[in-house]
Amino acid sequence: MTESFLLIVEDELEIAELIDFHANRDGYETKIVHSGRTALEVISQDQPDLMILDLMLPDVDGLEVLRRVRRLEKGNDTPILIVSAKGDESDVVAGIELGADDYVTKPFSPRILMARIRNILRRRNPEIDAGKNDPDRFSLCGGNLVIDPGRHVVTLHGDQIELTLTEFGMLQYLAARPGFVRTREQIISAVHGRSTVLSSRTVDVHVTALRRKLGEFGDRIETVRGVGYRFAEASERVIDD
Ligand code: CA
């Protein structure tokens with residue numbers, strides 16, 4: 001297997017070098033660029049396996065880079081991990097809605113950053129989508145939780161549980177991509193389409209009900225403070241210590 005190639009987009013030299021050091025130590029190939037403009041040039045040429053993107057950049061800011069990357073013909077599906085300043089929750093939410101895979105806030109622990117990178121690369125690995133041959137049905141939590149969208153049925157330890165349409169839609173949406181953070185806005189549009197009357201506040205209420213119905217696996221639906229929700233992967237917790 002060839003080493004994964006990471007593009008580090010960061011204008012602060014010390015932080016760029018810190019990321020670079022840890023990435024190299026973990027066996028990744030890296031390239032550092034210091035501006036959004038250069039990042040956009042490099043990404044279509046070099047096709048990195050993952051981009052670590054600082055949001056505060058001198059010329060083209062990180063969110064704009066993200067927006068433009070997703071519109072590229074080549075490289076538009078590059079996994080992106082955003083790095084934001086602490087307290088910039090609205091930027092993180094915007095970033096995830098623009099298609100970022102995950103985020104860390106400064107100051108971050110290099111160990112956590114590297115764990116996030118590994119998780120993204122692992123999730124993008126085809127084996128994660130092993131259920132693709134049977135797209136209608138997927139199981140989680142060691143096979144104890146089975147979601148069958150075709151029949152609109154969820155079973156917990158083999159017993160069917162009663163979910164409302166909204167709860168079912170939310171569970172299906174979150175659980176389809178374990179580990180991915182989804183904002184309330186994304187959940188709303190996934191569940192109800194654009195003409196929604198579901199508010200952010202109602203999302204929280206539905207999540208509470210859903211957690212209760214999922215029993216011991218209810219806490220798999222994690223609140224990501226200030227951002228939204230995700231369906232936790234059991235293995236991710238071990239790595240993210
Ligand atoms: Ca910066």
Mind jotting down which residue pairs meet the salt bridge (charged side-chain N to carboxylate O under 4.0 Å, His left out) criterion with at least one end in residues 153-172? Sequence neighbours excluded, please.
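Residue pairs with at least one partner in residues 153-172: Glu167-Lys213.
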
For Leu214, all residues meeting side-chain contact (heavy atoms from CB on, under 4.5 Å), sequence neighbours excluded:
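Applying side-chain contact (heavy atoms from CB on, under 4.5 Å) to Leu214 gives Leu145, Ile161, Leu171, Leu210, Ile221.
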
Partner set under side-chain contact (heavy atoms from CB on, under 4.5 Å) for Thr208, not counting sequence neighbours
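Listed in chain order: nothing, the list is empty.
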
Run the side-chain contact (heavy atoms from CB on, under 4.5 Å) check on Arg220 and Phe231 step by step: do they pass?
CA-CA 5 Å; Arg220 287 294 180 96; Phe231 194 93; 3.8 Å; yes

Side chains of [X] and [Y]: does their closest heavy-atom pair fall under 4.5 Å?
{"X": "Gln47", "Y": "Thr78", "value": "no"}
{"X": "Met51", "Y": "Val9", "value": "yes"}
{"X": "Leu53", "Y": "Val65", "value": "yes"}

Could you tell me which residues satisfy ring pair (Phe, Tyr, Trp, His ring centres under 6.0 Å) with Phe217, sequence neighbours excluded, listed by chain and number?
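Phe217 satisfies ring pair (Phe, Tyr, Trp, His ring centres under 6.0 Å) with His157 only.
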
Please name all residues satisfying ring pair (Phe, Tyr, Trp, His ring centres under 6.0 Å) with Phe108, sequence neighbours left out, ordered by chain then number.
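In terms of ring pair (Phe, Tyr, Trp, His ring centres under 6.0 Å), with neighbours along the sequence ignored, Phe108 is linked to no residue.
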
Are the side chain of [X] and the backbone of [Y] linked by a donor-acceptor contact shorter than 3.5 Å?
{"X": "Thr223", "Y": "Arg225", "value": "no"}
{"X": "Asp61", "Y": "Leu55", "value": "no"}
{"X": "Asp46", "Y": "Pro48", "value": "no"}
{"X": "Arg116", "Y": "Tyr103", "value": "yes"}

Do [X] and [Y] land in one hydrophobic cluster if side-chain heavy atoms of ILVMFWY residues count as linked below 4.5 Å?
{"X": "Ile82", "Y": "Leu50", "result": "no"}
{"X": "Val224", "Y": "Val205", "result": "no"}
{"X": "Met170", "Y": "Val181", "result": "no"}
{"X": "Leu66", "Y": "Leu81", "result": "no"}
{"X": "Tyr229", "Y": "Val191", "result": "yes"}

Inter- and intrachain pairs under side chain to side chain donor-acceptor pair (under 3.5 Å), touching residues 9-21, at least two apart
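Only Glu10-Lys106, Glu12-Lys106, Asp20-Asn24, Asp20-Thr30 qualify under side chain to side chain donor-acceptor pair (under 3.5 Å).
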
Can you pull out every side chain to side chain donor-acceptor pair (under 3.5 Å) where at least one residue sits in residues 87-98? Sequence neighbours excluded, please.
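Sorted pair list: Glu97-Thr183.
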
Considering all heavy atoms of both residues, which atom of [X] and which atom of [Y] are nearest to each other, and what is their separation?
{"X": "Gly75", "Y": "Val69", "result": "O-CG1, 3.8 Å"}
{"X": "Ala16", "Y": "Ile32", "result": "CB-CG2, 3.7 Å"}
{"X": "Asp148", "Y": "Arg151", "result": "OD2-NH1, 3.0 Å"}
{"X": "Gly179", "Y": "Arg230", "result": "O-CD, 3.6 Å"}
{"X": "Ala23", "Y": "Leu6", "result": "CB-CD1, 3.8 Å"}
{"X": "Val92", "Y": "Ser84", "result": "CG2-OG, 3.5 Å"}

Sequence neighbours left out, what pairs pass ring-ring contact (aromatic ring centres under 6.0 Å, His included) with at least one residue falling in residues 4-61?
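As it turns out, there is no ring-ring contact (aromatic ring centres under 6.0 Å, His included) pair with a partner in residues 4-61 once direct neighbours are skipped.
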
Tell me which pairs pass ring-ring contact (aromatic ring centres under 6.0 Å, His included) where either residue lies in residues 54-90, with sequence neighbours left out.
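Non-adjacent pairs meeting ring-ring contact (aromatic ring centres under 6.0 Å, His included): zero.
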
Determine whether more than 12 heavy atoms belonging to other residues, nucleotides or ligands lie under 6.0 Å from atom CE of Met56.
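No - once you tally the heavy atoms of other residues, nucleotides and ligands closer than 6.0 Å, there are 12 at most.
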
Got a sec, which residues hit side-chain hydrogen bond (donor to acceptor under 3.5 Å, both in side chains) with Glu29, two or more places apart in sequence or on another chain?
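Result, side-chain hydrogen bond (donor to acceptor under 3.5 Å, both in side chains) vs Glu29: none returned.
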
Evaluation steps, side-chain contact (heavy atoms from CB on, under 4.5 Å), between His152 and Phe168
CA-CA 8 Å; His152 220 82; Phe168 188 92; 3.5 Å; yes

So, taking the atom named CG in Leu165 and the one named NE2 in His206, what distance separates them when rounded to the nearest 0.5 Å?
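So the gap between those two atoms works out to 10.5 Å.
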
Using salt bridge (charged side-chain N to carboxylate O under 4.0 Å, His left out) as the criterion, list what pairs up with Asp101, not counting sequence neighbours.
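Asp101 satisfies salt bridge (charged side-chain N to carboxylate O under 4.0 Å, His left out) with Arg70, Arg124 once adjacent residues are dropped.
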
I'd like to check the salt bridge (charged side-chain N to carboxylate O under 4.0 Å, His left out) partners of Arg184; sequence neighbours left out, ordered by chain and number.
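Only Asp204 meet the salt bridge (charged side-chain N to carboxylate O under 4.0 Å, His left out) criterion with Arg184.
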
Pair Leu140, Ile147 - check side-chain contact (heavy atoms from CB on, under 4.5 Å), show working.
CA-CA 8 Å; Leu140 302 140; Ile147 303 174; 3.7 Å; yes

Please check if any side-chain donor atom of Arg118 sits under 3.5 Å from a side-chain acceptor atom of Ser4, or the reverse.
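No, no side-chain donor-acceptor contact under 3.5 Å.
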
Evaluate the side-chain contact (heavy atoms from CB on, under 4.5 Å) criterion for residues Asn119 and Asp102: first the C-alpha distance (whole Å), next the side-chain angles of each, then the deciding distance (0.1 Å), finally the verdict.
CA-CA 9 Å; Asn119 279 337; Asp102 205 348; 5.8 Å; no

Does a side-chain N-to-carboxylate-O contact under 4.0 Å join Arg37 and Glu41?
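No, Arg37 and Glu41 are not salt-bridged.
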
